[in-house]
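Sequence positions, counted from 1, serve as the residue numbers for this chain. None of these values were measured; they are calculated from a predicted model. Every number for a ligand or one of its atoms is a count from 1 in the order of the listing.
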Amino acid sequence: MTELSERPRVSPRLVGSLPTGFLAATWQQPAEGRTFGVTDPATGEVVAQVADCDPQDAMTALDAACAVAPSWTRTSPRHRADVLHRVYSLMHERREHLAGLITLEVGKTLTEARGEVDYAADYVRWYAEEAVRPAGRSTTAPNGEYQILTVAEPVGPCLLITPWNVPLAMATRKAAPALAAGCTAVLKPSELTPLSSIAFAQLVLDAGAPPGALTLVTTVSAGPLCAQVMADERLRKVSFTGSTAVGRTLLSHAGARVLRTSMELGGNAPFIVFDDADLEVAVEQAVIAKMRLGGQSCVAANRFLVQDGIAGRFATALGERLAAYRLGPGDADGVGLGPLVDDRAVDKATRLRDDALARGATLVAQAQMPEPQVASRGSYFAPVVLDLVPPDAAITHEEVFAPVAAITRFRTEDEAVALANDTEHGLVSYLFTQDLTRASRVTGLLQSGMVGINRGLVSDVAAPFGGIKQSGLGREGGPEGITEYQQLKYVAAPGLRT
Ligand code: NAP
């Protein structure tokens with residue numbers, strides 16, 4: 001085993017080093033000391049080397065999760081709640097450190113990164129509170145001869161796979177309900193953003209969770225590593241957040257083992273603005289729905305569907321707001337928007353923007369790129385507003401995952417609903433109108449797991465987050481989120497005769 005001092009460390013730039021011993025939280029030491037680099041998207045610099053685990057290392061992590069599972073499952077719900085409350089407190093104590101890591105690995109501004117830490121910690125607090133409220137019911141059988149009892153048991157060892165865009169919050173949205181329910185877990189973050197997950201895994205240990213309750217594997221070989229773990233019959237559940245394409249692959253592995261899954265997949269959110277909407281509110285909320293995480297969010301507004309009578313004013317006002325963004329490194333003063341996560345993201349956004357323009361869309365406004373010495377080093381993309389985007393443009397069918405606001409105009413309510421539902425995805429829809437009857441009618445017709453009415457932000461730890469159609473299966477957050485890590489046992493028990 002390599003000495004801690006010889007192990008890969010995170011760059012002290014910006015955030016200082018990770019807590020001493022952070023690698024002890026993980027199965028981060030492959031036998032040959034393989035590592036991979038983590039790149040800061042603001043500068044293109046490799047800022048840390050972390051362990052590159054192979055499938056065998058992942059099996060060691062699963063062994064640890066399975067070894068501790070029986071004792072963790074038998075702890076009292078109050079004990080698990082207490083551990084999670086300590087995790088919550090430590091996340092706030094280490095807020096600046098965690099936020100710094102998120103900015104370093106994802107590129108988002110420090111303000112947004114701090115917001116992510118708070119949001120991530122709130123999931124931990126919510127599930128600390130849910131831990132002591134296990135589901136279950138009891139009733140008398142219809143023939144009156146016995147009792148029907150249901151007991152919620154932990155499903156067992158889980159594999160948690162998270163994306164790069166909200167790395168800490170996606171980790172807590174899975175790990176907190178899993179631990180609260182009495183499950184143990186192996187967490188696999190994206191190779192682009194392992195740093196905040198490493199710090200989180202250490203923090204869970206520091207809060208008193210036993211080694212193995214949450215282990216971490218970082219790797220550049222997600223496919224073979226996850227396939228091997230999922231083939232092991234000791235694994236009882238996989239919870240995945242990421243693209244629909246990878247979700248489909250994982251569902252086929254899961255099908256072979258009839259493994260329980262939660263799938264939080266891609267989106268293609270319509271943001272519908274009717275003529276009678278409050279323009280100021282619609283624009284304000286459009287900025288939130290489009291620009292949160294620089295557009296790199298599964299619930300980002302991907303298609304602005306705007307009624308003819310208000311479309312011109314909406315486009316102009318949104319253009320003014322997006323053009324005003326100042327781009328630069330996420331930790332620099334006065335910067336409102338950091339880089340995208342990597343150059344591939346920039347290439348995709350450029351392709352989708354140019355395709356829309358080639359098909360007849362008009363450019364309403366575009367922000368300035370940062371000065372050349374900054375822009376040439378990082379993965380920057382200037383926010384842009386496009387109007388008159390035709391429904392056949394690629395951007396209306398692909399997740400752009402960047403600050404491109406694509407406006408398509410419509411005339412009638414029926415047309416708006418048809419356009420909104422014309423996608424394989426069904427994660428979230430937003431609609432803006434001051435007519436309550438219309439709001440409820442259209443909400444009922446929209447094919448999505450979540451709807452925001454006159455709101456561009458629906459995420460809340462107390463709400464069931466999730467999609468329909470090819471946006472996924474299952475829900476995270478709210479009381480529903482913990483049931484994803486529980487299985488019901490029905491007990492037919494002797495009746496209580498009075
Ligand atoms: P992704 O490419 O699907 O990756 C997600 C995770 O899966 C990463 O940890 C990735 O590891 C891993 N992975 C990749 N190939 C795999 C395989 N064959 N087997 C097992 N794991 C594999 O998605 P992403 O680019 O990170 O994230 C963006 C996507 O996530 C978008 O589509 C977005 O809409 C979606 N998302 C959905 C939600 C939601 O709640 N519905 C929330 C956030 C994001 P590597 O990165 O190391 O390859």
*Asks:* Mind checking whether L427 contacts ligand 1 via backbone (N, CA, C, O), side chain (CB onward), both or neither, at a 4.0 Å heavy-atom cut-off?
*Replies:*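 Under 4.0 Å from ligand 1, L427 contributes side-chain atoms alone.
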*Asks:* Could you check atom 27 (O) of ligand 1 against the protein and tell me its nearest heavy-atom contact, residue, atom and distance included?
*Replies:* P163 CB, 3.4 Å
*Asks:* Considering non-hydrogen atoms only, spot the tightest contact between E116 and L168 and give its length.
*Replies:*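 In terms of heavy atoms, the two residues are closest at OE2-N, 2.8 Å.
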*Asks:* What residue and heavy atom of the protein are closest to atom 46 (O) of ligand 1, and at what distance?
*Replies:* S190 OG, 2.7 Å
*Asks:* Counting non-hydrogen protein atoms only, what is the nearest one to atom 13 (N) of ligand 1? Give residue, atom name and distance.
*Replies:*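 Going atom by atom, the protein heavy atom closest to atom 13 (N) of ligand 1 ends up being A222 CB, 3.6 Å.
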*Asks:* Aromatic contact between W126 and Y119, with the criterion being ring centroids under 6.0 Å apart: yes or no?
*Replies:* no
*Asks:* Relative to ligand 1, is A227 under 4.0 angstrom through side chain, backbone, both or neither, heavy atoms considered?
*Replies:*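 Under 4.0 Å from ligand 1, A227 contributes no heavy atoms.
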*Asks:* Students should be able to answer this: which protein heavy-atom is nearest to atom 10 (C) of ligand 1, and at what distance?
*Replies:* K188 NZ, 3.9 Å
*Asks:* For atom 47 (O) of ligand 1, grab the closest protein heavy atom and report residue, atom and distance to one decimal in Å.
*Replies:* E191 N, 2.8 Å
*Asks:* Short N/O distance, under 3.5 Å, between N165 and ligand 1?
*Replies:* no
*Asks:* So which heavy atom in the protein is nearest atom 32 (O) of ligand 1, and how far is it from that ligand atom?
*Replies:* E399 OE1, 2.7 Å
*Asks:* So which heavy atom in the protein is nearest atom 26 (O) of ligand 1, and how far is it from that ligand atom?
*Replies:* W164 CD1, 3.0 Å
*Asks:* Can you tell me which residue and heavy atom of the protein come closest to atom 23 (O) of ligand 1, and the distance to 0.1 Å?
*Replies:*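 Nearest neighbour among protein heavy atoms for atom 23 (O) of ligand 1, to 0.1 Å: S243 N, 3.4 Å.
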